[in-house]
S.K.: 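Following this message is one structure expressed as structure tokens.
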Number of protein chains: 2
Amino acid sequence: MSPTNTDVPSLVGGFLPTPVPVAEYDRCPVTEILRLIGDRWSLVTLALLGRKTYRFNELHRSIEGISQRMLTRTLRNLEASGLVRRTVHPTTPPTVDYRLTPLGVSLLPPLSALADWAVRHGPELAAARRAAVLPAVE
Amino acid sequence: MSPTNTDVPSLVGGFLPTPVPVAEYDRCPVTEILRLIGDRWSLVTLALLGRKTYRFNELHRSIEGISQRMLTRTLRNLEASGLVRRTVHPTTPPTVDYRLTPLGVSLLPPLSALADWAVRHGPELAAARRAAVLPAVE
DNA sequence: CGGTATCCATTTCGATACTG
DNA sequence: CAGTATCGAAATGGATACCG
């Protein structure tokens, strides 16, 4: 009802048929976006592109540890989902830059909300992990 | 500064050192939560548990297509992160129920914000995918 | 500069069978 | 009822080399 709900967690529209049909679930946009950005490199990439336009190698240098292959794959993925636009400038040698599309920009606020939650509750998450791997001497 | 920012996407606190150090990035709580819930079954599981407490087989029946093994793994994962609490009742046969912890409940609003975004922009995402796999006859 | 192509290790997922 | 054990398939990620 309300344009943005903050107190009532809707999660997939506010209702859920049970059993949840697996086919629908897999095609659910919420599932898709989480799987899209839940991989190793998408989040940093989006975070950087949220700040400015990057050239390929500039991005490569900006993300420590990423291989050329994975950077390409990550960018192509985000591009295929409409979050990133790839622009080739016909110079010699050719230069390519990447920027967020308006759709990509619109993703940042909700993503930041999740990020804020994670930062706030990071200690609790870490504590839970520690408690889980050390079920000894209580 | 503001308790919840909606217009300025902070993403990991509002600044990013470049190059982004891979070790820090991997330990970043934002990365961790995304990878945690970015798998195949965590989102539905959380969505269901957000509604009520479930017994194991009840959950199993409620999620079409999930195997016993994956349900167990998913629940154990969420439990190890402190989002879900597992309670064993010493009856015969033993019954076990799962519910969200307060931490798990606190995750629902930001997750719903992302879900709302996905639902709103689902058509655009789908259109981008279609345009990407059909780069023919423009 | 901005990629591909190849190959391999690791992880994830799912099916099936069995258990206290 | 609520799992565990085992196995194999598939997806994911990374290293290296090469290309227009």
Side-chain angles (χ1 to χ4, degrees), chain A residues 19-23 25-26 31-32 34-45 48-49 53-81 84-99 132 135, chain B residues 19-23 25-26 31-32 34-45 48-49 53-81 84-99 132 135:
Chain A
V20 178
V22 66
Y25 174 59
D26 277 343
T31 303
E32 289 185 343
L34 274 177
R35 303 206 62 159
L36 176 67
I37 64 178
D39 69 345
R40 188 114 164 58
W41 302 110
S42 289
L43 181 69
V44 231
T45 305
L48 287 171
L49 292 178
T53 296
Y54 276 84
R55 304 247 315 259
F56 183 87
N57 279 332
E58 189 186 5
L59 212 39
H60 194 194
R61 284 188 300 271
S62 299
I63 306 174
E64 192 190 290
I66 198 173
S67 65
Q68 246 178 1
R69 176 175 129 81
M70 288 314 296
L71 181 56
T72 303
R73 276 192 40 128
T74 302
L75 287 168
R76 291 289 201 275
N77 237 300
L78 296 173
E79 191 194 2
S81 302
V84 164
R85 177 166 55 234
R86 175 177 184 267
T87 311
V88 182
H89 301 279
T91 56
T92 50
T95 63
V96 180
D97 63 47
Y98 294 88
R99 67 178 61 210
Chain B
V20 178
V22 66
Y25 174 60
D26 277 344
T31 303
E32 289 185 343
L34 274 177
R35 302 208 61 160
L36 176 68
I37 63 177
D39 69 345
R40 189 116 164 58
W41 302 109
S42 289
L43 181 69
V44 229
T45 305
L48 287 171
L49 292 179
T53 297
Y54 275 84
R55 304 246 315 258
F56 183 86
N57 279 331
E58 189 185 6
L59 213 39
H60 193 194
R61 285 187 300 271
S62 299
I63 306 174
E64 192 190 290
I66 196 172
S67 65
Q68 250 179 356
R69 175 175 131 80
M70 287 314 294
L71 180 56
T72 304
R73 277 195 39 132
T74 301
L75 288 168
R76 291 290 202 275
N77 236 302
L78 296 173
E79 191 193 3
S81 301
V84 163
R85 178 167 54 234
R86 174 177 183 268
T87 310
V88 181
H89 301 282
T91 56
T92 47
T95 63
V96 180
D97 62 48
Y98 294 89
R99 66 178 61 209

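Chain A is the first sequence line, chain B the second, and so forth, proteins listed ahead of strands; every chain is numbered from 1.
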S.K.: What's the CZ-C1' distance between A:Phe56 and C:dT4, to the nearest Å?
M.R.: 11 Å

S.K.: Given C:dG3, D:dG3, C:dG2, which nucleotide is nearest the side-chain atoms of A:Arg55?
M.R.: C:dG2

S.K.: Can you tell me whether the side chain of A:Arg69 and the base of D:dG14 have a donor-acceptor pair closer than 3.5 Å?
M.R.: yes

S.K.: Taking the side chain of B:Met70 as its heavy atoms from C-beta onward, which of C:dG2, C:dT4, C:dC13 lies nearest to it?
M.R.: C:dC13

S.K.: Minimum heavy-atom separation for A:Ser67 and A:His60, please, with both atom names.
M.R.: C-NE2, 3.9 Å

S.K.: Using modelled atom types only, decide if a donor and an acceptor are shared between the side chain of B:Thr53 and the backbone of B:Arg99 within a distance under 3.5 Å.
M.R.: no

S.K.: Assuming nearest nucleotide by heavy-atom distance, tell me which of A:Trp41 and B:Val96 is located more 5' along DNA chain D.
M.R.: B:Val96

S.K.: Tell me which of B:Thr95 and A:Ile66 sits closer to the 5' end of DNA chain D, going by the nucleotide each one is nearest to.
M.R.: B:Thr95

S.K.: Send over the distance from B:His60 NE2 to D:dA2 C1', rounded to a whole Å.
M.R.: 11 Å

S.K.: With a 4.0 Å limit, can you tell me whether A:Tyr98 has a side-chain N or O closer than that to the phosphate oxygens OP1/OP2 of C:dG3?
M.R.: yes

S.K.: Among the nucleotides D:dG14, D:dC1, C:dG14, which one has an atom lying closest to any side-chain atom of B:Arg40?
M.R.: C:dG14

S.K.: Whole angstroms only, please: what is the OH-P distance between A:Tyr54 and C:dC1?
M.R.: 16 Å

S.K.: For A:Leu59 and C:dG3, what is the distance between atoms CG and P respectively, to the nearest whole Å?
M.R.: 10 Å

S.K.: Report the distance from atom CG of A:Asp97 to atom C1' of C:dG3, rounded to the nearest whole Å.
M.R.: 15 Å

S.K.: Name the closest nucleotide to the B:Arg86 side chain, picking from C:dC1, D:dG3, C:dC13.
M.R.: D:dG3

S.K.: Minimum heavy-atom separation for B:Asn57 to B:Gln68, with atom names?
M.R.: OD1-NE2, 4.4 Å

S.K.: Can you list every pair that meets salt bridge (Lys or Arg N to Asp or Glu O under 4.0 Å) and has a residue in residues 65-81 of chain B, with sequence neighbours left out?
M.R.: none

S.K.: Rounded off to whole Å, could you give me the CD1-to-C1' distance for the B:Ile63 and C:dG14 pair?
M.R.: 15 Å

S.K.: Begin from the C-alpha positions of A:Val44 and A:Trp41 and carry the test side-chain contact (heavy atoms from CB on, under 4.5 Å) through to its verdict.
M.R.: CA-CA 6 Å; A:Val44 231; A:Trp41 302 110; 4.2 Å; yes

S.K.: In whole angstrom, what separates B:Gln68's CD from C:dT16's P?
M.R.: 13 Å

S.K.: B:Leu75 has an atom CG; how far is it from atom C1' of C:dC13, in whole Å?
M.R.: 16 Å

S.K.: For the helix from C:dC1-D:dG20 to C:dG20-D:dC1, what angle separates the axis at the start from the axis at the finish, each from five pairs, in steps of 10°?
M.R.: 50°

S.K.: Taking for each residue the nucleotide of DNA chain C bearing the nearest heavy atom, is the 5' side occupied by A:Arg76 or by A:Arg35?
M.R.: A:Arg76

S.K.: Look only at the side chain of A:Asp39 and the backbone of A:Ser42, and say whether a donor-acceptor pair between them is shorter than 3.5 Å.
M.R.: yes

S.K.: Taking all non-hydrogen atoms of both residues, which atom of B:Arg55 and which atom of B:Thr95 are closest, and how far apart?
M.R.: NH2-CG2, 3.5 Å

